[in-house]
A.B. asks: 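Below: one structure in structure tokens.
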Amino acid sequence: MVGFLRLFLAALPLVGGNRAKLLRQNANQVEVTFENPYPEARELFWIGTEEPVSMGVLDASGGSMNMNSYHGHTFGWRLAAHGDQECTSDLLEGRVTVARGMERHVLGEAPVVKDLDVEKRESERNDPFEAKFVNRAQFPMTLTNVETGESRDVPANDALPMMVERGKLYDWRDKETGELLYRSVIEFYKQTTHVFKEEKHTRLCAESTPATTPVVNKTYADAYDGRDLEVQVLSEDPFIAYMPEWTLGDECADMEGQARKIGMSDAQVFGERTVIADRRAISANLNWSDRNKTSVNNRLINRAFEFARVQRRYKLDTGSFQEPLNFIQYAVAGEYRPHCDGVCNRKPYARGGRVATLIHYCKAADVGGGTVFPKANIKVQPRDGSAVLFAYKRDDGYMDDGNTMHTGCLVREGYKQIVTMWMREDVTPREPWSDFMS
């Protein structure tokens, strides 16, 4: 499940003017799993300055929820059988305040906090250790050490023990076709099990899976440059649309130049590890310019936000109070595994939250590197200069129920450069995006 606190952490690398602020926030970040020991389901709430906000339901007898949060944030819970009844603090049957070192909390039990210094020293050890690579596919795979090139076969539905070290990378390829399907990352010491299995997103990302056929083709009159843009609507609800010819002139070259001047750093979802399994890319934030109103950044934001207004009737204002553009580059085996950009658990829209994303594909990978929506069964196989818009605030004021969860597919050959724009309603110069956590 994706709680709204995860979204801020997924957004930006530590670059640009917000670096010091984000570094301070990172020091207080906590990744914690809540577990329900009760025989009935429990609903979990974040307790902020206003009424408690629902984070989702933990199933009965062992149901769990993983979440990125902050040291000092408080959560509470109650029986889940309340339907849509609003929750107030006095209705909660228990609560806990998150602390650094709290990795798991069982509802109703005393908090358990680990000694992080000991844990960190242990996780950062570089001693070789034995790990098991498990192939759950119905066909044999070849496992390759990226650094040394050493390869070994892993039969179908079998496992291979190997001596490994922290920080090493291992590629999985179909033994018969040689197609790169997956990359295992040794993120920490004594991470002893690594599994390849065919999932919905890996099947959609496969080269044999064609791009989704549009349900509607229409034309959009772009007021910013007078073009009639082709819009391929892949889904009406949620709204997902692909624009084959989005780029204007030198936009991509300009943004790449900005990113290289700033310096691209590892794009991470959480923490400060040098390698991370879920997201492997480098990126830089590109800010709105208050001095140059006709800058490429401003022009692209204005054009994208106007397109979203027309398609979804969102109330989207532009300015430095919106999130920066994020320029991202994926090399071979780079990817971003399934995630949601906004709240996608069918909760009411929260003021100031993200409502839509536009991904501008400046450079498409030679092979792989598409974008897929596993629950919606949609695949976008982009080309240079194209874009996709997906919206997760629905017409009824509630958020999407998982259909906008998406994957940046594994790059198999070449590299991919994208510019991501996250769009928020109800943000202003007095209440910028950074004031909100959703």
Side-chain angles (χ1 to χ4, degrees), residues 8 11-22 219-231 241 243 245-265 283-329 341-342 351-363 384-391 393 417-436:
F8 179 73
L12 304 170
L14 303 180
V15 295
N18 290 324
R19 180 180 177 88
K21 177 180 177 182
L22 290 173
T219 300
Y220 168 71
D222 190 339
Y224 281 85
D225 68 347
R227 292 187 301 170
D228 287 335
L229 287 176
E230 178 186 359
V231 179
M243 292 72 73
E245 297 180 354
W246 179 258
T247 298
L248 284 172
D250 62 352
E251 285 177 342
C252 285
D254 186 291
M255 289 185 289
E256 181 181 3
Q258 292 181 61
R260 295 198 181 282
K261 184 176 180 180
I262 293 168
M264 289 185 279
S265 59
S283 68
N285 296 332
L286 309 181
N287 292 306
W288 173 274
S289 175
D290 288 320
R291 292 184 298 177
N292 180 8
K293 302 300 183 183
T294 62
S295 72
V296 165
N297 297 358
N298 294 16
R299 187 172 73 205
L300 185 61
I301 292 170
N302 280 327
R303 189 153 53 91
F305 277 52
E306 176 62 19
F307 179 73
R309 289 187 202 106
V310 171
Q311 304 303 321
R312 302 305 302 152
R313 300 186 299 278
Y314 288 151
K315 298 177 181 178
L316 297 168
D317 297 320
T318 58
S320 57
F321 46 85
Q322 289 280 357
E323 293 186 63
L325 302 173
N326 197 210
F327 186 94
I328 309 172
Q329 179 169 298
D341 282 0
R351 191 174 70 88
R354 291 178 180 173
V355 296
T357 299
L358 186 139
I359 300 175
H360 180 180
Y361 302 96
C362 281
K363 172 70 174 67
D384 292 358
S386 61
V388 64
L389 173 77
F390 49 98
K393 180 188 173 189
Q417 290 180 335
I418 65 173
V419 180
T420 300
M421 280 172 277
W422 298 286
M423 305 177 182
R424 292 174 180 263
E425 288 190 319
D426 302 311
V427 291
T428 67
R430 292 179 63 87
E431 292 185 291
W433 71 272
S434 54
D435 282 0
F436 299 94

A.B. asks: Charged N to carboxylate O under 4.0 angstrom, Glu323 versus Arg354?
C.D. replies: yes

A.B. asks: For Gly385, does its backbone N or O pair with a side-chain atom of Thr247 as donor and acceptor, under 3.5 Å?
C.D. replies: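 Checking the backbone N and O of Gly385 against the side chain of Thr247, a donor-acceptor pair under 3.5 Å is found.
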
A.B. asks: Counting heavy atoms not belonging to Lys293, are there more than 12 under 6.0 Å from its NZ?
C.D. replies: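 Buried by this count: over 12 neighbours within 6.0 Å.
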
A.B. asks: Hydrogens and angles aside, do Asn292 and Thr294 bring a side-chain donor and acceptor to less than 3.5 Å of each other?
C.D. replies: yes

A.B. asks: So do Asp384 and Cys362 actually touch side chain to side chain, heavy atoms under 4.5 Å?
C.D. replies: no

A.B. asks: Apply the test side-chain contact (heavy atoms from CB on, under 4.5 Å) to residues Asp228 and Asp222: give CA-CA distance (whole Å), side-chain angles for both, the deciding distance (0.1 Å), then the verdict.
C.D. replies: CA-CA 6 Å; Asp228 287 335; Asp222 190 339; over 6 Å; no

A.B. asks: Does some side-chain heavy atom of Met255 sit less than 4.5 Å from a side-chain heavy atom of Leu300?
C.D. replies: yes

A.B. asks: So, does Arg227 use its side chain to make a donor-acceptor pair with the main chain of Ala221 at under 3.5 Å?
C.D. replies: no

A.B. asks: For the residue pair Arg299 and Glu251, establish whether any side-chain heavy-atom pair is separated by less than 4.5 Å.
C.D. replies: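 Contact flag for Arg299/Glu251 side chains = yes.
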
A.B. asks: Are the side chains of Phe327 and Gln258 in touch, meaning some heavy atoms are under 4.5 Å apart?
C.D. replies: no

A.B. asks: Strictly below 4.0 Å, N to O, side chains only: are Glu306 and Arg309 in salt-bridge contact?
C.D. replies: yes

A.B. asks: Examine distances only and state if a side-chain atom of Asn285 and a backbone atom of Asn326 form a donor-acceptor pair shorter than 3.5 Å.
C.D. replies: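 No; judged by distance alone, with no hydrogens or angles, the pair does not exist.
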
A.B. asks: Let me know which of Trp433, Trp288, Phe305 forms a side chain to side chain contact (heavy atoms under 4.5 Å, CB included) with Gln322.
C.D. replies: Phe305

A.B. asks: I would like to know whether Asp341 and Thr357 meet side-chain hydrogen bond (donor to acceptor under 3.5 Å, both in side chains); could you show each step before the answer?
C.D. replies: CA-CA 7 Å; Asp341 282 0; Thr357 299; 2.9 Å; yes

A.B. asks: Closer than 3.5 angstrom, by distance alone: can the side chain of Asn302 be matched with the main-chain N or O of Asn298 as a donor-acceptor pair?
C.D. replies: yes

A.B. asks: I'd like to know if the side chain of Tyr314 reaches the main chain of Lys393, judged simply by a donor and an acceptor atom lying under 3.5 Å from each other, with no hydrogens or angles considered.
C.D. replies: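 Yes, Tyr314 side chain to Lys393 backbone: donor-acceptor pair under 3.5 Å.
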
A.B. asks: For Phe307 and Trp246, I'd like to know if the aromatic rings sit close, meaning centre-to-centre distance below 6.0 Å.
C.D. replies: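 Yes, close enough.
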
A.B. asks: Between Gln329 (side chain) and Gln417 (backbone), is there a donor-acceptor pair under 3.5 Å?
C.D. replies: no

